[in-house]
There are 2 protein chains.
Amino acid sequence: MAARHDSKTRLLDAALKVVRTRGYNATRVEDICAEAGVTKGSFFHHFKSKDDLALAAVAHWIEMTGGFFAEAPYHAPADPLDRLLAYVDFRKSIIEGDIAEFTCLVGTMTQEIHESHPALRDACAASIFGHAATLEPDIEAAMRQRGIAPDWTPASLARHSQAVLQGAFILAKATGDRTVARESVDHLKRYIELLFASPFARKDRP
Amino acid sequence: MAARHDSKTRLLDAALKVVRTRGYNATRVEDICAEAGVTKGSFFHHFKSKDDLALAAVAHWIEMTGGFFAEAPYHAPADPLDRLLAYVDFRKSIIEGDIAEFTCLVGTMTQEIHESHPALRDACAASIFGHAATLEPDIEAAMRQRGIAPDWTPASLARHSQAVLQGAFILAKATGDRTVARESVDHLKRYIELLFASPFARKDRP
DNA sequence: CGATGCATACCGACTGGTCGGTCTGGCGTC
DNA sequence: GACGCCAGACCGACCAGTCGGTATGCATCG
């Protein structure tokens with residue numbers, strides 16, 4: 001176990017875990033080292049500073065979540081709206097276990113560092129909005145397919161879905177209970193269904 | 001100026017301002033003192049510790065926001081659904097100015113302290129869910145008046161609205177731009193309109 | 001009325017612990 | 001034998017909290 005040469009990855013994984021639970025500022029370098037089973041020497045061998053690690057951790061997060069969502073089953077349905085709804089279902093289904101396990105690293109960090117660490121904030125933003133952007137093609141396809149020409153854009157709905165999720169995580173942290181988060185995701189799903197189902201939104205209505 | 005005897009209030013006001021911008025952990029006691037134009041001695045005369053101040057600041061926040069929303073104009077409309085939609089409009093209209101000015105103190109703090117300070121977390125939760133609860137009567141009245149019997153509860157929609165707002169604030173912090181936040185509030189409003197307008201949700205549909 | 005005493009409000013130098021970051025030395029591997 | 005990788009003692013800045021002190025009411029009594 002704990003082979004040499006993988007300390008860097010283990011530090012990054014540890015950082016994700018610890019920062020997601022404690023937050024960024026409250027996380028000490030030694031907490032991450034302890035979680036990774038590594039010493040400070042190793043930490044500062046791989047990273048110039050704590051902030052440097054944070055940047056790397058966000059990059060690592062983007063890479064991990066990118067793969068995770070790319071391979072998730074929600075892309076299967078043939079219908080684009082079904083894919084979108086399957087995405088929402090999938091997001092709901094992974095709200096499971098410990099808070100740190102389903103919560104978003106970059107959303108958590110953004111709150112703490114948006115004023116003080118512009119570079120880090122931009123990296124967090126790239127993660128959130130990059131992920132949101134992956135939803136746009138399906139939203140746009142669904143709009144075309146259903147003949148809808150609304151006063152909102154695919155991009156704004158994609159961003160809104162991320163807002164709902166981020167907000168749901170906050171409520172979950174406030175209560176210590178996943179239920180309230182799932183509930184909000186249900187509302188998001190209902191919203192999307194209504195957006196595409198409502199006769200008032202259809203081009204072809206009388 | 002800066003009469004004696006109001007240091008405590010000035011410290012609380014300063015705490016709201018500084019914590020909303022920097023976050024809780026990154027805020028030093030001396031930052032709050034400087035903002036309040038008061039010294040450390042005064043701080044620790046009024047508060048046992050930084051955590052003690054945090055608790056008092058949340059209580060102060062609950063009191064301030066309680067009065068602010070109670071006196072806001074959105075209660076004017078006679079129709080309960082109109083009141084609810086006016087609330088959403090109002091929330092959108094106050095997303096203005098500096099990020100710290102429209103952002104939520106307790107949402108920010110929750111993220112940082114939910115694991116480490118249970119008492120503080122409960123106080124934050126009380127603020128969020130207490131505010132959400134003020135929306136329930138109007139939601140319920142609107143449901144009755146429009147003859148809607150949906151599969152969601154007034155409480156859950158009230159909580160969802162808070163989730164959207166909290167999430168919108170995160171996106172605003174990530175981009176440094178209010179626009180994304182307002183956009184999400186627009187989606188929330190559209191959702192509520194659809195919920196009450198959709199024939200699929202009506203009791204009296206064929 | 002002034003003096004005396006006491007409580008509350010406030011000040012700011014200081015302390016003691018904490019934590020990011022450094023440095024020296026060692027171990028394995030090519 | 002040099003170089004990447006790591007260990008952990010150590011340093012120094014920083015900061016929550018302390019402590020001895022001063023200032024300002026506000027009673028009560030002679």
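Reminder, nothing fancy here: chain letters follow the sequence lines and each chain counts from 1.
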Task: Distance in angstrom units between F44(B) CZ and dC11(C) P, rounded - done: 14 Å
- [ ] In plain terms, say whether D13(A) and R10(A) are close enough for a salt bridge, that is, a side-chain N and a carboxylate O under 4.0 Å apart.
- [x] no
TODO: State whether F43(A) and K50(A) meet the cation-pi test: NZ (Lys) or CZ (Arg) under 6.0 Å from the six-membered ring centroid, and within 45° of the perpendicular axis.
DONE: no
TODO: Over 60° means perpendicular and under 30° means parallel, so classify the ring planes of Y191(A) and H160(A), tilted if in between.
DONE: perpendicular
TODO: Specify the residues of residues 20-30 of chain A, ordered by number, for which at least one heavy atom lies under 4.0 angstrom from an atom of DNA chain C.
DONE: T27(A), R28(A), V29(A)
- [ ] Using a cut-off of strictly less than 4.0 Å, decide whether H45(A) has a side-chain nitrogen or oxygen near OP1 or OP2 of dG4(D).
- [x] no
Open item on the list: Could you tell me how far apart K48(A) (NZ) and dG21(C) (P) are, to the nearest whole angstrom?
Closed with: 11 Å
Task: Atom-to-atom span, CZ of F47(A) to P of dT22(C) - whole angstrom - done: 15 Å
TODO: Let me know the distance between CZ of R10(B) and P of dC11(C), rounded to the nearest Å.
DONE: 9 Å
Task: Integer-rounded Å distance: dC6(D) C1' and L11(A) CG - done: 11 Å
Open item on the list: Tell me whether R182(B) is salt-bridged to E96(B), with the criterion being a basic N under 4.0 Å from an acidic carboxylate O.
Closed with: yes
TODO: Could you check V38(B) against K50(A) and say which one's nearest nucleotide on DNA chain C is further toward the 5' end?
DONE: V38(B)
Task: Spacing of L53(A) atom CG relative to dG20(C) atom C1', expressed in whole Å - done: 12 Å
TODO: Take atom CG of D51(B) and atom C1' of dG17(D), then tell me their distance rounded to the nearest Å.
DONE: 12 Å
TODO: State which of dC10(C), dG12(C), dG8(D) makes the closest approach to the side chain of T39(B).
DONE: dG12(C)
Open item on the list: Below 30° counts as parallel, above 60° as perpendicular, anything between as tilted: where do the rings of F90(A) and F68(A) land?
Closed with: tilted
Task: Carboxylate-amine/guanidinium contact K17(A) D31(A), below 4.0 Å - done: no
Open item on the list: When you measure from the side chain of S184(A) to the backbone of A181(A), do you find a donor-acceptor pair of N or O atoms at a distance under 3.5 Å?
Closed with: no
Open item on the list: From NZ of K40(B) over to C1' of dC14(C), roughly how many Å is that when rounded to an integer?
Closed with: 10 Å
Open item on the list: If you only use heavy atoms from C-beta on, which nucleotide in dG17(D), dC10(C), dG21(C) is closest to the side chain of S49(B)?
Closed with: dG17(D)
Open item on the list: Whether S7(B) contacts dA9(C) is assessed here as follows: a side-chain N or O lying under 4.0 Å from the phosphate OP1 or OP2. Is that the case?
Closed with: no
Task: Side-chain N or O of H46(A) closer than 4.0 Å to phosphate OP1/OP2 of dG4(D) - done: no
